[in-house]
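Here's the structure, in structure tokens; my notes come after.
Reminder, nothing fancy here: chain letters follow the sequence lines and each chain counts from 1. What you see is a predicted model; the values in this text were computed from it and never measured.
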Amino acid sequence: VPKQNDLLNYFQVS
Amino acid sequence: MFEARLVQGSLLKKVQEALKDIVQEASWDCTSSGLSLQAMDGSHVSLVQLTLRADGFEKYRCDRNLAMGINMGSMSKILKCAGNDDVITLKAEDTSDRLELMFESPKGEKISNYEMKLMDLDCEQLGIPDQEYSCSIKMPSHEFARICRDLSQIGECVVITCTKDGVQFSAKGDMGSGTVKMSQNLGAEKEDDQVTIEMTEPVQLTFAIKYLNMFTKATSLSGSVCLSMSNDVPLVVEYKVEDMGHIKYFLAPKIED
């Protein structure tokens, strides 16, 4: 079952 | 002083409808170049980014940068008080904790004034890298909404596969499976009815349909929608807001455990 990834894994907090 | 007057006030009503299900509170950033907003949903799975350029407003003034913390539920309630044909003006003093909203009927015989309390929000801003995508798909926005609605009956996830032949949306669940394929169609009479696919590399990604369905609340803003995808990065779903800006939704893919 695919797991939901988190957006914070892609975008840096600026 | 911040002041923005939008003759086509219905655009702001539609923008608000397109945002309110995803974000409960958001900072509306006002600068001399326009209004913008960036916010994530509570579970950090999706992000919405709105841009409304100053030159799209009939009148626009912003003397000092302002970040207006807005409760989106309150904003929706107040914007529902505006008629579809009303002219909407937003106003705030530089140091005020209130946003004034004025709605004028087209002939000017009815003028409504509302004031909304602003909030102190401590928002994390994310840096979204500028990036080239392997696939860009432009298709009629109502078709995309229909596909998301239809496949959400079948399963919770949709697999989007883009090749040079077309784009395929598939879902499966306890009762069975469903697949919708859209092929490139450059011959459509109206530009909004065209399906165009630009691809440098095939892409296959899996997403939670629930979020895509929330994004389709923006359908009434634009006749077409653009999906941008690369393997292993968030999907971008973009709707134009006339010629004054856009709403972009980003959605993190599901990954194999």
Side-chain angles (χ1 to χ4, degrees), chain A, chain B residues 22-23 27 29 36 38-49 122-131 133 155-161 170-174 204-212 215 228-237 248-257:
Chain A
V1 181
K3 194 180 110 194
Q4 180 63 58
N5 208 342
D6 197 305
L7 263 191
L8 297 173
N9 293 343
Y10 303 98
F11 300 145
Q12 299 289 321
V13 176
S14 58
Chain B
I22 298 193
V23 284
S27 174
D29 297 317
S36 65
Q38 190 205 88
M40 272 190 289
D41 76 291
S43 52
H44 293 178
V45 170
S46 66
L47 178 145
V48 60
Q49 194 271 318
D122 189 17
C123 293
E124 279 181 333
Q125 289 281 308
L126 295 186
I128 303 169
D130 261 336
Q131 132 162 46
Y133 288 90
E156 290 177 5
C157 297
V158 62
V159 180
I160 307 181
T161 310
S170 324
K172 58 184 178 199
D174 294 341
Q204 183 169 71
L205 289 167
T206 304
F207 299 101
I209 301 184
K210 174 176 89 166
Y211 291 95
L212 296 178
F215 303 166
S228 302
M229 301 197 297
S230 291
N231 285 314
D232 307 318
V233 301
L235 161 78
V236 189
V237 180
K248 285 184 188 178
Y249 299 95
F250 295 81
L251 178 60
K254 287 187 169 254
I255 48 172
E256 289 304 325
D257 209 353

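- B:P234 and A:F11 make their closest contact through CG-CZ, 4.1 Å (heavy atoms, listed as atom of the first residue, atom of the second, distance).
- For B:F250 and A:Y10, the ring centers sit 6.0 Å or farther from each other.
- Scanning both residues, B:P253 and A:Q4, for their nearest heavy atoms gives O-NE2, 3.7 Å.
- Crowding of B:Q125 atom CD: a count of heavy atoms from other residues, nucleotides or ligands under 6.0 Å exceeding 12.
- Minimum heavy-atom separation, B:H44 to A:L8: ND1-CD1, 3.0 Å.
- The closest donor-acceptor contact from the side chain of A:Q12 to the backbone of B:P129 lies at 3.5 Å or more, if one exists at all.
- Heavy-atom minimum distance, A:L7 versus B:V45: CG-O, 3.3 Å.
- Qualifying side chain to side chain contact (heavy atoms under 4.5 Å, CB included) partners for B:S27, counting only residues two or more places apart in sequence or in other chains: B:D29, B:A67, B:C123.
- Atom CG of A:N5 is separated from atom OG1 of B:T206 by 12.0 Å, given to the nearest 0.5 angstrom.
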